[in-house]
Amino acid sequence: MQDILNPRDANDVAEAIASAAAGGRRLELIGRGSKRELGRAAQADATLDLSVISGITLYEPEELVLSARAATPIAEIEKALEEKKQELAFEPMDYGPLLSKAPGTGTIGGAISAGLSGPRRIKAGAARDFMLGVSAVSGRGEIFKAGGRVVKNVTGYDLPRLLAGSWGTLAALTDVTLKVLPRAEDRATVLVFGLSDVRANEAMSAAMGSSCEVSAAAHLPRVSADRVPELNAPGKAVTALRLEGISQSVAYRKGKLEELLRPFGDLGSLDAVESRALWKNIRDVTPFAGRSGRAVWKISTTPSFAPVIAAGIHAASGADYFYDWAGGLLWLEMPGDKPEEDAVRAGLAGRGHATLIRASAAARASADVFEPLDPVRAAISQRLKASFDPKGVLNPGRIYADS
Amino acid sequence: MVAMPAPDTSVLSRREAIVAALRAIVPGEGVIANDVAMRPYESDGLTAYRQLPMVVVLPETTAQVSKVLSYCYENGVKVVPRGAGTSLSGGALPLADGVLLGLGKFNKVLEIDYANRAVVAQPGVTNLGITRAVEGKGFYYAPDPSSQIACTIGGNVAENSGGVHCLKYGLTTNNVLGVEMVLMTGEVVRFGGKHLDAEGYDFLSLIIGSEGLLGVVTEVTVRILKKPETARALLVGFPTSEAAGDCVAKIIGAGIIPGGMEMMDRPAIHAAEAFVKAGYPLDVEALLIVELDGPEAEVDHLIDRVSSIANECGSSTLRISNNEEERLRFWAGRKAAFPAVGRISPDYYCMDGTIPRAKLPLVLSRMRELSEKYGLLVANVFHAGDGNLHPLILYDANKEGELKRAEDFGNDILRLCVEVGGVLTGEHGVGVEKRDLMPTMFTKTDLDQQLRVKCAFDDKGLLNPGKVFPELHRCAEMGRMHVHGGKTAFPDLPRF
Ligand SMILES: Cc1cc2nc3c(=O)[nH]c(=O)nc-3n(C[C@H](O)[C@H](O)[C@H](O)COP(=O)(O)OP(=O)(O)OC[C@H]3O[C@@H](n4cnc5c(N)ncnc54)[C@H](O)[C@@H]3O)c2cc1C
């Protein structure tokens, strides 16, 4: 069994990494390990378990700022925010259901490192957009900080944002400072039934291009829609658009949005409680949850290309799929455990990027889990990695096989 | 004054050959080598610093930029990129032994994509130029620096510029989807596009706000938004800045994120009123402009809520805009605050620290003490919603020693910002101006990590050197790892 190190604080982390670098050993970083089966497996000699480095260290609701140690459970942060009617506006998804793990076990450091952003991504921004500051340990075993605790800050490179989505390959996060926002008082969802992918794409584009301030837009073709109880429209594709804000505003915008969408098809709607449940299901990709024998991909693309890409991949592989982010995010489930990487990458044809999210360890070891880079970007990625982690100590192979 | 690196005489002695080589890449008037014609490029918005470049090059295509950079890389010539030259931190200050690379000819909007709510533009398009291109269909580009008529989107990317609406709509970094960039080696690379989020490392996050030190941006893709249905503003006066600060905190504490929330102190109010007659009250210590935008029903409701919060906080005057003309008049004074201060003083020096909002009363009172100590007046305009202060220090450059005193005063203000938990610069950048203050905020380890990132892009340190980093090191030196001890495989950590 692999050695497991349990640092108590940032100094321990620095010591562990420095001595690993000196001894030519490589480390796998984990918070609570909820995303261990996502991405490529790190090729490591020991595991650096950061789970003890946990707890909220600062929360000033009126300053919209919260700091926490990296392994603080998201659930703990969300509870503290809820008490002050605030939230993490990037709506971090919970990979538990999709990966057949217990829900709600993710940590804030993990969510940031994996760059998790939910349906509100299109309005509020990504996880990285809420990163104000960070304290971390580089692969050199050095504790460094970057950013700060204020929203407006251009002092030095924006390393906090860079570290978001870097999968622990550049530095081990020990403390993060986040911007938090007030939670909307009210919400509602407008549904359009029975649209083709292309029509749905047009409907979402019209909604996003209106002044209705849509905070989430998804389209679920029939197969996926049938698996989401709140939609309650057997046999029909459903397009869903969420509105959030104060009640007067939600009611007013709902009227306007319905007017805009009426020419597209039959309308329905969900109230605040149903909306919450629906968007949690979309966020957590529950149409594909509990179906572990089937590979799942995630594609980020230009919204208007999405129907063509989805149709191409479906024709080549028989994949099921649904759209979030007004079409910009495509979730695909393959009919079997084979990732069908060729079909996916050929269908995408460089118009965005595809990430293999759910697959067996063997498949993830042999496929390009993340989008392959052109030579210039590959070279600069390697140099960037080396600038933080010259000895390749941290999560080697987690993103790309050779770094 | 911050000292720039000494010019490299071996480069200067090759000047003629360098100019000839550049002329072979960029024909005609695209290369300027005589002093008179180069004069307009000698400084940016930080006018206390002036330096003629060795040569000015104004390329028109990405291929030319690539050839210029690869030539300079091979020949060890430094390069300073420049947009409109409105930087307030000296980011575009030329180097005596360097090429000043002006992007002004990259001035076309390349694509407007309403379906995907994106605009692709060349870097020399002005910030306002993007909004102008899409406003016919009711769209706009959200970040709105006060310099938006002049400053370029390339400069905005380099500085991660903000504006009065960034509390609600974000800074440049939250609104840019992709860039095309030329590395110092001449390699052309694209990061991002019209899709969201990066594949692999998020290079966009590094490039935005990198102050021209990582590459030359040759194309920018931004997201555009539909204009809010309506906007209304409140103009609220307070007898103390504490009360105004308290009001800001209570508005946000009540879950309201205004489209804009600006504060001015007494000297700034008086200067602005004298200049534009916006109808500001003159018997208050602090003035807040709170703008709410969105659907009418929402705006009306929030106006009521903000009014009652302002009353609770002891406001002494309160006006609500009833039409567009009135709203714009409320803003007119704030928007003209810089030139208004320019009218009451021969020179002013604009600072740009950010502080946690709750520290505002403390910072203002310490600033008054410093003002007495240095014998210079200061007027404050403040992006109150996000804690970004713009103290304007009044001085007269023609008076012996006043510029130096103004700079020392400014540096003390920035140290104070850091001391109370804030940062050196909120939106104007480090540039030359704040370069030597970086160690007040960062340790050597912090700065070394940033320098190593710079080395990953520019291993010879040729792109905009002398800016941002207080010390220049060779990249080879930075990369070295000093291993201490390192005999035991792992130290005695608790483990299973
Ligand atoms: C009156 C006034 C008001 C201002 N108000 C605001 C404000 O409200 N908010 C705010 O944030 N700023 C403000 N500024 C500062 C300034 O306008 C911004 O920093 C702006 O983004 C600079 O753009 P520019 O095109 O003038 O860039 P320049 O000044 O030419 O250059 C700025 C930096 O960007 C680099 N650069 C420029 N173009 C490129 C490129 N294509 N590729 C790589 N690097 C490049 C330069 O090397 C330099 O380091 C104000 C300035 C003035 C004079």
Side-chain angles (χ1 to χ4, degrees), chain A residues 4-7 12 15-16 19 22-23 25 61-63 85 121 125-126 128-129 138 140 142 144-145 148-158 161-162 165-166 182 205 208-211 246 248-249 252-253 300-304 328 352-353 370-371 373 376-377 381 383-384 387 390 399, chain B residues 114-117 160 162 174 187 189 194-197 199-202 205-206 209-210 226 228-229 249 252-253 255 294-295 297-298 301 354 356-358 386-388 421-427 429-430 441 445-446 449-450 452-453 455-456 479 481 483 486 488-491 493-496:
Chain A
I4 299 176
L5 304 170
N6 296 80
D12 279 358
E15 212 182 312
S19 78
R25 305 246 276 165
E62 291 183 351
E63 300 270 344
K85 298 194 178 129
R121 167 74 183 89
R128 65 172 55 86
D129 289 298
S138 70
R140 308 167 62 93
E142 293 171 345
F144 68 95
K145 63 174 184 324
R149 53 158 291 187
V150 292
V151 185
K152 272 266 217 54
N153 178 12
V154 296
T155 324
Y157 297 131
D158 204 339
R161 280 178 73 92
L162 171 72
S166 68
S205 176
M208 294 309 297
S210 76
S211 54
I246 59 172
Q248 294 91 324
S249 176
Y252 168 82
R253 284 181 284 141
S300 175
T301 186
T302 304
S304 57
H353 53 97
F370 296 89
E371 189 72 21
L373 301 174
V376 180
R377 275 187 302 172
S381 296
R383 295 199 297 273
L384 184 69
S387 78
I399 305 184
Chain B
Y114 291 110
N116 295 300
R117 300 160 301 283
N160 189 15
N174 312 107
E187 291 163 295
V189 55
K194 285 187 205 159
H195 57 273
L196 296 173
D197 301 336
E199 50 274 49
Y201 296 128
D202 185 39
S205 289
L206 277 180
S210 64
K226 189 79 173 188
E229 253 178 39
I252 289 173
E298 174 177 335
H301 174 83
T354 306
R357 273 188 313 268
D386 41 36
N388 188 195
V423 301
L424 293 173
T425 171
E427 56 181 16
V430 176
M441 200 171 136
T445 314
D446 301 339
Q449 184 52 57
Q450 299 201 27
R452 284 189 200 101
V453 168
C455 289
M481 218 180 128
V483 175
T488 47
F490 290 108
L493 282 178
R495 62 179 80 192
F496 294 126

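Chain identifiers are assigned alphabetically (A, B, ...) following the order of the sequence lines, protein sequences preceding nucleic acid strands; residue numbering begins at 1 within each chain. Predicted model, so just to flag it, every value in this text is computed and none were measured.
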J.: Can you tell which of A:G125, A:G156, A:G148 has the highest number of heavy-atom pairs within less than 4.5 Å of chain B?
T.: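 Between A:G125, A:G156, A:G148, the count favours A:G156.
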J.: For A:N153 and B:T354, test the side chains for any donor-to-acceptor distance below 3.5 angstrom and give the result as yes or no.
T.: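 The answer is no; no qualifying pair exists.
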J.: Is it true that a side-chain atom of B:Q450 and a backbone atom of A:Y157 form a donor plus acceptor pair closer than 3.5 Å?
T.: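 Confirmed, B:Q450 side chain pairs with A:Y157 backbone.
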J.: With a 4.5 Å heavy-atom cut-off, do B:R117 and A:P303 have their side chains touching?
T.: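 Result yes, sub-4.5 Å side-chain heavy-atom pair found.
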J.: Out of A:R149, A:E62, A:K85, return the one with the most heavy atom pairs under 4.5 angstrom to chain B.
T.: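 The residue among A:R149, A:E62, A:K85 with the greatest pair count is A:E62.
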J.: Test your reading of the model: is there a side-chain donor-acceptor pair from B:E298 to the backbone of A:I246, 3.5 Å cut-off?
T.: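 No; zero donor-acceptor contacts below 3.5 Å.
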J.: Which distance, rounded to the nearest 0.5 Å, do you find between the CD of B:E229 and the OG of A:S211?
T.: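 Those atoms lie 4.0 Å apart.
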J.: With a 4.5 angstrom heavy-atom cut-off, which part of B:E187 approaches chain A: side chain, backbone, both or neither?
T.: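 The side chain, not the backbone.
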J.: Given that the side chain runs from C-beta out, which part of A:L162 has a heavy atom under 4.5 Å from chain B: side chain, backbone, both or neither?
T.: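 It is both, since atoms from each part get that close.
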J.: Minimum heavy-atom separation for B:D202 and A:R161, please, with both atom names.
T.: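 For B:D202 and A:R161, the tightest heavy-atom pair comes out as OD2-O, 4.4 Å.
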J.: Under 3.5 Å, is there a donor-acceptor pair between the side chain of A:E142 and the main chain of B:D446?
T.: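 No: the side chain of A:E142 does not pair with the backbone of B:D446.
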J.: Report the C-alpha separation of A:K152 and B:N160 in whole Å, then their side-chain angles, then the decisive distance to 0.1 Å, and conclude whether the side chain to side chain contact (heavy atoms under 4.5 Å, CB included) test is met.
T.: CA-CA 10 Å; A:K152 272 266 217 54; B:N160 189 15; over 6 Å; no
J.: Please rank A:R383, A:M208, A:Q248, A:H353 by heavy-atom pairs under 4.5 Å with chain B and give me the top one.
T.: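 The candidate making the most pairs under 4.5 Å is A:H353.
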J.: Please state whether the side chain, the backbone, both or neither of B:D197 comes within less than 4.5 Å of a heavy atom of chain A.
T.: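 Answer is both: backbone and side chain atoms of B:D197 are under 4.5 Å from chain A.
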J.: Judged by atom type as modelled, is there a donor-acceptor pair below 3.5 Å linking the side chain of A:S300 to the main-chain atoms of B:L196?
T.: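 At least one qualifying donor-acceptor pair exists.
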J.: Mind ranking B:G162, B:G387, B:A249 by heavy-atom pairs under 4.5 Å with chain A and telling me who comes out on top?
T.: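 Looking at each option in turn, the highest pair count goes to B:A249.
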J.: Is B:R357 close to chain A through its backbone or its side chain, or both, or neither, when contacts mean heavy atoms under 4.5 Å?
T.: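 Both backbone and side chain of B:R357 come within 4.5 Å of chain A.
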J.: Chain B: which of A:T301, A:V151, A:D158, A:L384 shares the most heavy-atom pairs with it under 4.5 Å?
T.: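 Max contact count across the listed options: A:L384.
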J.: Given 3.5 Å as the limit, does a donor-acceptor pair link the side chain of A:T155 with the main chain of B:T425, or not?
T.: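 Looks like yes, one N/O pair under 3.5 Å.
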J.: Relative to chain A, which of B:G294, B:G422, B:A297, B:A115 shows the most heavy atom pairs under 4.5 Å?
T.: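 The option with the most such pairs is B:A115.
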J.: Identify which of A:P61, A:P182, A:A126, A:G165 forms the greatest number of heavy-atom pairs closer than 4.5 Å to chain B.
T.: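 Result: the option with the highest number of such pairs is A:P182.
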J.: Tell me, side chain or backbone of A:S304 under 4.5 Å from chain B's heavy atoms, or both, or neither?
T.: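 Looking at A:S304, backbone and side chain both touch chain B.
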J.: Can you tell me how far NZ of A:K145 sits from CE of B:M441, rounded to the nearest 0.5 angstrom?
T.: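 Atom-to-atom, B:M441:CE and A:K145:NZ are 7.5 Å apart.
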J.: Quick one: does B:D386's side chain get under 4.5 Å of A:V150's, heavy atoms only?
T.: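 No, their side chains stay 4.5 Å or more apart.
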J.: Looking at A:S387, is its backbone amide N or carbonyl O close enough to the side chain of B:R452 to form a donor-acceptor pair, meaning the two atoms are under 3.5 Å apart?
T.: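 No, because the side chain of B:R452 does not come within donor-acceptor range (under 3.5 Å) of the backbone of A:S387.
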J.: Under a 4.5 Å cutoff for heavy-atom pairs, which residue among A:G328, A:S381, A:S138 has the most contacts with chain B?
T.: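 Ranked by contacts with chain B, first place is A:S381.
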J.: Counting heavy-atom pairs closer than 4.5 Å to chain A, which one of B:L206, B:N116, B:I252, B:V453 comes out on top?
T.: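 Highest number of pairs under 4.5 Å: B:N116.
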